[in-house]
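Residue numbers start from 1 in every chain, and the chains themselves are labelled A, B, ... in the order their sequence lines are given, proteins ahead of strands.
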2 protein chains.
Amino acid sequence: MKVSIRKIAELAGVSKTTVSFVLNNRGDEKNISSATQEKILAIVKDHNYKPNQLARSLSLGKTNTIGFVVPDISDPFYGKIAKHIDSCAEERFFKVMIANSHEDKNKESELINNLISRQIDGIILASTQVFESNKYKGVPLVYFDRISPNQKDSFIDINNQYSTEQITKLLIKRGHSKIGFISLTSYLPNIQDRITGYKNALIDSGFVTDENNIIDIDYNNKKESVVKALKTLLCTNNCTGIVFVNNVLAAEGVWALNTYFSELIEKVEFACFDNLDLFDYSLPKVTSVVQPIEDIAKNCLEMLCDQIDNSIIHKGKVLKTTIIER
Amino acid sequence: MKVSIRKIAELAGVSKTTVSFVLNNRGDEKNISSATQEKILAIVKDHNYKPNQLARSLSLGKTNTIGFVVPDISDPFYGKIAKHIDSCAEERFFKVMIANSHEDKNKESELINNLISRQIDGIILASTQVFESNKYKGVPLVYFDRISPNQKDSFIDINNQYSTEQITKLLIKRGHSKIGFISLTSYLPNIQDRITGYKNALIDSGFVTDENNIIDIDYNNKKESVVKALKTLLCTNNCTGIVFVNNVLAAEGVWALNTYFSELIEKVEFACFDNLDLFDYSLPKVTSVVQPIEDIAKNCLEMLCDQIDNSIIHKGKVLKTTIIER
DNA sequence: TTGAAAGCGCTAACAC
DNA sequence: GTGTTAGCGCTTTCAA
């Protein structure tokens with residue numbers, strides 16, 4: 001039923017070769033008469049013929065497709081990165097295949113192997129398994145967001161530690177001397193770096209760090225867990241500034257403060273990693289770190305293309321965040 | 001460099017056929033000795049051999065891949081649908097290729113043609129061009145979210161009109177007699193249906209509809225535009241209830257009210273289409289319509305698979321929303 | 001200017 | 001039980 005290049009060739013009374021040349025814009029280069037070219041193109045259009053990319057890729061050994069593997073595509077952060085990767089890829093005539101690991105290490109391997117067996121040209125990966133070295137030797141690969149502490153392969157990172165240090169210092173500058181940190185039970189290096197940044201800010205400013213002021217949240221039970229943490233930090237430990245390890249927890253914090261500790265709203269200030277529009281019109285004030293999403297996407301793709309096209313393997317690059325002070 | 005099935009066959013001292021059968025779990029069926037099977041599998045593992053899916057698909061005429069085309073993958077709504085589609089697809093051994101049309105009609109066609117030329121087995125589409133009939137005859141296709149009013153192909157929809165009618169009536173029940181509608185300049189049928197729902201609610205309750213109470217927002221200038229609309233509706237037209245055509249505009253409304261009309265917060269109530277977590281802890285109260293995201297995803301995939309596997313083309317299905325009253 | 005033919009890696013009907 | 005071979009649809013070298 002479906003038309004193939006052979007059929008087009010037959011109809012045009014030429015060989016497959018000729019059709020192939022014309023279709024790949026090499027007609028002139030190959031000195032194919034414009035009459036023949038036009039005839040072929042007309043027939044192609046007439047039959048709405050679309051070359052089979054599978055066959056083409058098989059023959060060329062190139063799919064012009066890259067894989068984009070993330071823990072959760074419904075997370076707006078990854079969604080936005082995906083969107084920009086897609087835009088950048090388009091300019092370079094690449095298609096993007098997005099794969100969702102659902103934060104599952106085994107699923108991630110499976111997905112990557114699948115992408116590889118589909119002959120994708122490269123991979124951009126936010127990995128769930130940051131402590132394993134690259135198991136996929138031979139495939140161009142760029143890591144982002146979840147970077148192993150001693151990453152040996154290409155990556156695009158941001159300075160988690162420094163940024164968190166900055167927002168903590170902003171709270172200090174505003175007069176807060178007791179500052180708590182609401183964190184996650186997580187092995188992820190970016191989370192660990194944020195904790196370090198918080199601590200460094202305190203130490204740098206001549207305060208002592210107190211482990212009682214750092215509370216891990218049970219992510220499966222965020223809401224209650226944040227309320228409890230705030231109660232400890234604000235009521236028992238007398239903190240007036242709170243740094244949250246991410247925006248989701250900070251949003252919970254805003255809710256908890258309004259719901260259970262509204263008498264403290266004027267006294268307390270928040271800071272957190274990653275912004276949310278909601279912070280524009282919420283009390284208490286939430287100062288936040290903004291990741292350069294577009295830049296991250298752009299750099300990932302550039303680095304990957306350098307590997308694919310020129311076999312140049314850059315080491316890694318750390319991008320700058322910005323801070324919205326509120 | 002890369003190992004192929006031929007190489008495996010050579011190493012095992014058998015033919016490609018035998019290897020192929022073993023790899024596709026048809027070894028027993030084909031009565032291949034377990035000794036041979038084990039030997040082959042060992043070599044495969046040893047060389048970390050992964051069959052080239054391109055060649056496989058070319059040969060089989062099936063890619064086990066479906067395309068998922070949306071206007072904006074960074075929109076959490078589409079992100080969540082994508083995630084669930086992906087989960088459902090996995091159970092059926094399908095991979096999903098996500099494509100972003102960036103709300104561009106031409107780009108959308110291009111993407112779909114590309115997917116087709118990559119021989120994907122079917123497409124799930126939220127289209128930017130709802131008024132054109134299916135141009136992609138022959139390819140299994142299911143529409144969602146953006147449905148043409150006289151859609152002839154498979155689709156999964158929700159009842160935009162009825163849901164909006166319900167939330168409007170909730171505001172009426174709470175004692176609001178003057179209710180405004182903040183909408184979008186959009187040709188999209190789902191938007192038009194929401195407007196109709198709002199009007200029906202008023203008429204049903206014995207009120208007259210007043211076109212002055214329906215204001216279109218300039219989406220490129222949301223913030224200011226919403227402030228202006230609220231000013232007209234609340235201050236000039238004396239509305240106390242406002243229905244927003246979607247959650248993004250409602251969020252802007254919450255911000256605007258808090259920022260410019262805070263004296264009205266106690267008197268005014270909002271309702272909108274699509275929920276946001278923020279509405280849990282914002283004032284004024286925002287009653288919202290929740291789309292059954294998981295169900296939408298599940299139904300899209302089931303319908304598509306029925307087309308792919310059994311050539312059964314269901315017409316369309318309208319799913320039920322729920323309402324969060326606040 | 002154009003075409004024949006080999007090859008990309010895999011499947012499967014058919015033969016032995 | 002296993003192998004031969006044609007074929008999936010395209011690219012590209014080499015020959016004419």
Side-chain angles (χ1 to χ4, degrees), chain A residues 1-41 43-44 47-65 113-114 116-121, chain B residues 1-41 43-44 47-65 113-114 116-121:
Chain A
M1 199 70 251
K2 273 203 138 180
V3 304
S4 70
I5 197 173
R6 162 200 238 121
K7 183 109 182 188
I8 301 290
E10 276 172 19
L11 291 170
V14 299
S15 76
K16 294 193 295 174
T17 315
T18 308
V19 178
S20 176
F21 283 147
V22 172
L23 255 55
N24 291 303
N25 286 319
R26 300 176 58 192
D28 291 341
E29 170 196 334
K30 293 286 173 181
N31 286 320
I32 292 167
S33 72
S34 53
T36 309
Q37 295 204 37
E38 276 161 27
K39 187 172 177 193
I40 290 173
L41 289 177
I43 294 176
V44 162
H47 290 72
N48 192 28
Y49 165 69
K50 309 250 181 306
N52 181 329
Q53 292 297 333
L54 247 40
R56 186 151 201 273
S57 296
L58 179 60
S59 185
L60 288 174
K62 191 160 193 301
T63 52
N64 281 306
T65 307
N113 281 325
N114 185 276
I116 293 175
S117 71
R118 283 164 190 260
Q119 315 301 114
I120 45 94
D121 300 324
Chain B
M1 199 68 249
K2 274 202 139 180
V3 304
S4 69
I5 198 174
R6 161 198 239 124
K7 184 108 182 190
I8 301 291
E10 275 172 18
L11 290 170
V14 299
S15 77
K16 292 193 296 173
T17 315
T18 309
V19 177
S20 176
F21 283 146
V22 172
L23 254 59
N24 291 305
N25 287 319
R26 298 176 59 191
D28 292 341
E29 171 197 332
K30 293 286 170 180
N31 287 321
I32 291 166
S33 72
S34 53
T36 309
Q37 294 204 39
E38 277 161 28
K39 188 171 173 191
I40 290 173
L41 290 176
I43 294 175
V44 162
H47 289 72
N48 192 27
Y49 165 69
K50 309 250 182 308
N52 182 328
Q53 293 295 334
L54 246 41
R56 187 154 199 272
S57 296
L58 180 59
S59 185
L60 288 173
K62 189 162 195 301
T63 51
N64 281 305
T65 307
N113 281 326
N114 186 276
I116 293 175
S117 72
R118 282 165 191 259
Q119 314 301 115
I120 44 96
D121 300 324

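As a whole-Å value, the separation of A/I40 CD1 from C/dT1 C1' is 11 Å. Spacing between atom NZ of A/K62 and atom C1' of D/dT12 amounts to 18 Å, rounded to whole angstrom units.
Distances shorter than 4.0 Å separate some side-chain N or O of A/T18 from OP1 or OP2 on C/dG3. Proximity of A/R6 to the phosphate of D/dG9: no side-chain N or O atom is located under 4.0 Å from OP1 or OP2.
Looking at heavy-atom distances under 4.0 Å, A/L58 makes contact with a base. As judged by a 4.0 angstrom heavy-atom cut-off over every strand, B/S4 is placed among residues touching the sugar-phosphate backbone only.
Looking at A/Q37 and A/D28, their side chains do bring a donor and an acceptor atom within 3.5 Å of each other. A/R118 and A/T65 form no side-chain donor-acceptor contact under 3.5 Å, judged by distance and modelled atom types alone.
Put simply, the side chain of B/S59 and the base of C/dG9 share no donor and acceptor less than 3.5 Å apart. Between the base of C/dT2 and the side chain of A/T17 there is no donor-acceptor pair shorter than 3.5 Å. Below the 3.5 angstrom threshold, one finds no donor paired with an acceptor across the side chain of A/S15 and the base of C/dA4.
Residues B/F21 and B/L54 both approach DNA chain C. Their nearest nucleotides, taken by heavy-atom distance, put B/L54 toward the 5′ side.
The shortest heavy-atom contact between A/S117 and B/P51 is CB-O, 3.4 Å. Taking each heavy atom of A/V14 and A/V19 in turn, the nearest pair found is CG2-CG2, 3.8 Å.
Within residues 26-38 of chain A, the residues approached by DNA chain C to less than 4.0 Å at the level of any non-hydrogen atom are A/K30, A/N31, A/I32, A/S33, A/T36, in residue-number order.
Going from atom CZ of A/R56 over to atom CG of A/L23 covers 8.5 Å, rounded to the nearest 0.5 Å.
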